[in-house]
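Notes to accompany the following structure.
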Amino acid sequence: MPYPAVQALLTDIGTEELGHLEMIAAIVHQLTRNLTDDQIQNNPAFAAYFVDHTGGIYPTAASGFPWTAASIGVKGDPICDLTEDLAADGTTL
């Protein structure tokens, strides 16, 4: 980051986003920790996921494609990049 004044802001944003991922992972763990074999096999969508990832969190898009960093729009301008991040989160009006 070429602008030292923005480093703390970006660190705070990154920490906040990791906190969101931790909360989602805890929810998924609580929902899947006591599943029986029958419950897993009777849900075809989850059965295929479970074979590859067990109960772990594997980030995918709503369409099912794995998440990659290629989906991040980065221009090199901190204001533009933060605006893109906010738009991707759906937090802008």
Side-chain angles (χ1 to χ4, degrees):
M1 167 52 65
Y3 306 102
V6 184
Q7 286 178 349
L9 174 65
L10 293 177
T11 300
D12 291 345
I13 291 171
T15 302
E16 176 78 15
E17 296 303 324
L18 288 173
H20 293 158
L21 181 60
E22 183 180 7
M23 287 185 283
I24 292 169
I27 291 168
V28 171
H29 171 72
Q30 290 175 1
L31 292 172
T32 60
R33 67 179 170 205
N34 295 322
L35 289 178
T36 65
D37 287 338
D38 289 336
Q39 289 173 319
I40 293 169
Q41 292 174 4
N42 290 335
N43 184 339
F46 187 70
Y49 177 91
F50 192 81
V51 167
D52 290 337
H53 311 291
T54 64
I57 305 300
Y58 184 71
T60 60
S63 60
F65 290 103
W67 181 87
T68 67
S71 64
I72 299 173
V74 176
K75 301 292 183 194
D77 175 18
I79 301 301
C80 179
D81 293 345
L82 287 173
T83 303
E84 172 70 22
D85 181 53
L86 291 171
D89 283 345
T91 56
T92 56
L93 297 175

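What you see is a predicted model, and the numbers here were worked out from it, not measured in a lab.
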*Looking at residues at least two apart in the chain, or sitting in another chain, which of them share a side-chain hydrogen bond (donor to acceptor under 3.5 Å, both in side chains) with Gln30?*
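Partners of Gln30 under the side-chain hydrogen bond (donor to acceptor under 3.5 Å, both in side chains) test: none.
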*Go through the structure and list residues passing side-chain contact (heavy atoms from CB on, under 4.5 Å) with Ile27, not counting sequence neighbours.*
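If we apply the side-chain contact (heavy atoms from CB on, under 4.5 Å) test to Ile27, skipping adjacent residues, the hits are Leu31.
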*Taking only residues two or more places apart in sequence, or in another chain, which ones meet Gln39 in a side-chain contact (heavy atoms from CB on, under 4.5 Å)?*
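side-chain contact (heavy atoms from CB on, under 4.5 Å) check on Gln39 returns Leu35, Thr36.
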_Could you measure the distance from the CG atom of Asp38 to the CG atom of Asn43? Nearest 0.5 Å is fine._
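Asp38 CG to Asn43 CG: 12.5 Å, rounded to 0.5 Å.
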